[in-house]
Number of protein chains: 4
Amino acid sequence: MTQVFDGNIPIYLQIMDLIKKQMISKELLPGQKLSSVRDMSKQLEVNPNTVQRAYVEMEREMLVYTKRGQGTFIVNEPEVVLKLRQEMVLDRVAKFVREMEEFGFSHDELLKIIERHLSE
Amino acid sequence: MTQVFDGNIPIYLQIMDLIKKQMISKELLPGQKLSSVRDMSKQLEVNPNTVQRAYVEMEREMLVYTKRGQGTFIVNEPEVVLKLRQEMVLDRVAKFVREMEEFGFSHDELLKIIERHLSE
Amino acid sequence: MTQVFDGNIPIYLQIMDLIKKQMISKELLPGQKLSSVRDMSKQLEVNPNTVQRAYVEMEREMLVYTKRGQGTFIVNEPEVVLKLRQEMVLDRVAKFVREMEEFGFSHDELLKIIERHLSE
Amino acid sequence: MTQVFDGNIPIYLQIMDLIKKQMISKELLPGQKLSSVRDMSKQLEVNPNTVQRAYVEMEREMLVYTKRGQGTFIVNEPEVVLKLRQEMVLDRVAKFVREMEEFGFSHDELLKIIERHLSE
DNA sequence: GTGGTCTAGACCACA
DNA sequence: GTGGTCTAGACCACT
């Protein structure tokens, strides 16, 4: 599975998103080491600087921390990941529902649409 | 309510999205005239060139057409709007479901989350 | 006067410092435009990215703001600059006094040393 | 009191500075043995290589010398320490005065600022 | 012309 | 090997 990026959104943001999703889905656990900047850049076929930027930005968001010369790690507090999960899910659901309302769907219609989509 | 744009996505794309939503929700009807580039740019507090670009792109997508000296108009065929609606809804639903799956939610959980959100 | 940087401190931090000093000494006034990234990079004989980083970092510190396509500007509130001035002066003085105390100087000696230095 | 380092300046330089200050304030006397690399690295929570590098640099500056199997020692000549003291004081004072001038302070203002700071 | 992002690749401090 | 910084230079969105 090669990673493909949306050309209209900065790649470093998409990398941050990718890692956040892995934190939420428990592919990445608290305290676990992230791939090194170099490895990640090869995996994603992206410049090391771009990965670096994603890591720095996530460190600023207190989701990861860096040990000089050792690597970058998911923060140790599971609460942080839980909070992230809540925030991201809420954000996505709210945005989705708002958009569907803007399209003129009632809540019932919305649920039916999703159910139909899931059953396919 | 002033329009606020996401700094990480090209503004012309966000303007296109805005207009498409208005077409779908019937705030903009087939054949109706869009605000002039100048007016729209003032409303959105955006450079006229940016609005212009959004209009041109939408013309390329055959959603609007331009009459010299008169302005830009939504295409007259209602089917086009219907098709747009289907496409955008499908796109949004598919994207939303995919993301929720990436978060590790089952389909049942997903439905429950939405129901809970709607009932608030 | 060519700018020379201390090899042991990141250049972008030294550029930030430079600009802050100019804000404090009123070479740069609230609302004033900074040199463009490219111009500044030529003036300082430094890569544009390095200047860019300094600007972004200062934007995060709310000392400057950016208008897309127009440039980077000192924030308009003079209070911010005053606060910066207070902070930086206090920081420098406190650090200096602390160091001189660590060297074993009394306050009287410290004052004499400075007076002698100033009169040279 | 745990030692905390400024992440933007090489740690070995900060360690050198620390030792020099101790020499100047006579916490470390001519001929006295420095903590072993291993002990020092534990105290400072730093990699032994980093301490080692600080020691080597200081040996190059002729401020310490190493006896094989016995450890690292402050040089025996008190004049060296005196000279170091003069140099560091001059350096700090000059740098401080220069910075305050860059901030736009006159010599009088500078003295007043320090006096006010000392009297607090 | 202006900032924002990205690539390709280098050198450094640190473990 | 690992992150942090920097250069050289490109392309893009926006004014």
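Both backbone and side-chain heavy atoms feed into the values below; hydrogens, waters and symmetry mates do not. In the text below, chain A, chain B and the rest are named by the order of the sequence lines, each starting its count at 1.
- Mapping Ser35(C) and Val46(A) onto DNA chain E via the closest heavy atom, the residue that lands nearer the 5' end is Ser35(C).
- Within 6.0 Å of NZ in Lys26(C) there are 12 or fewer heavy atoms belonging to other residues, nucleotides or ligands.
- Tested against Ser25(C), the residues Glu27(C), Gln22(C), Lys21(C) include a single side chain to side chain donor-acceptor pair (under 3.5 Å) partner, Glu27(C).
- Side chain to side chain, Thr66(A) and Glu59(A) meet the donor-acceptor criterion of an N or O pair below 3.5 Å.
- Heavy-atom nearest nucleotides on DNA chain F were determined for Asp39(A) and for Gly7(D), and the one closer to the 5' end corresponds to Asp39(A).
- Atom CG in Asn49(C) sits about 9 Å away from atom C1' in dG9(F), given to the nearest Å.
- Atom CD in Glu57(C) sits roughly 15 Å away from atom C1' in dC6(F) (whole-Å rounding).
- Environment of NZ in Lys95(D): sparse, with no more than 12 heavy atoms of neighbouring residues, nucleotides or ligands closer than 6.0 Å.
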Pairwise N/O distances under 3.5 Å, protein to nucleotides 12-14 of chain E:
unit_1, atom_1, unit_2, atom_2, d
dC14(E), OP1, Ile11(D), N, 2.2

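- Using a 4.0 Å cut-off between charged nitrogen and carboxylate oxygen, Lys83(A) and Glu79(A) do not count as a salt-bridge pair.
- Rounding to whole angstrom units, NZ of residue Lys42(A) and P of dA8(E) are separated by 13 Å.
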Kindly indicate, with the supporting measurements, whether the criterion side-chain contact (heavy atoms from CB on, under 4.5 Å) is fulfilled by Ile74(A) and Leu29(A). CA-CA 7 Å; Ile74(A) 305 293; Leu29(A) 297 173; over 6 Å; no

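- Across the protein-nucleic acid pair, Leu44(C) atom CG and dT5(F) atom C1' stand 16 Å apart, rounded to whole Å.
- A sub-4.0 Å separation between OP1 or OP2 of dG1(E) and a side-chain N or O of Ser36(C) is absent.
- Rounded to whole Å, the distance from OH on Tyr65(A) to P on dT2(F) is 16 Å.
- Closest approach of Tyr55(C) and Val64(C) over heavy atoms only: O-CG2, 3.8 Å.
- When each of Gln14(A) and Lys33(C) is assigned the nucleotide of DNA chain E with its nearest heavy atom, Lys33(C) is the one assigned upstream, toward the 5' end.
- Atom pair Tyr55(C):OH and dT5(E):P shows a separation of 16 Å (rounding to whole Å applied).
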Parsed dot-bracket for DNA chain E after applying the Watson-Crick and G-U rules with both distances under 3.5 Å and | for other-strand partners is ||||||||||||||.

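- Atom P of nucleotide dT2(F) and atom CD of Glu59(A) are separated by 17 Å, given to the nearest angstrom.
- Arg85(B) and Phe103(A) make their closest contact through NH1-O, 3.4 Å (heavy atoms, listed as atom of the first residue, atom of the second, distance).
- When the P atom of dG3(F) is taken as reference, atom NZ of Lys67(A) falls 12 Å away, rounded to whole Å.
- Side-chain contact of Gln43(A) with Ser35(A): a donor-acceptor pair under 3.5 Å is present, judged by distance alone.
- Remark: Gln52(A) is in phosphate contact with dG4(F), judged by side-chain N or O atoms under 4.0 Å from OP1 or OP2.
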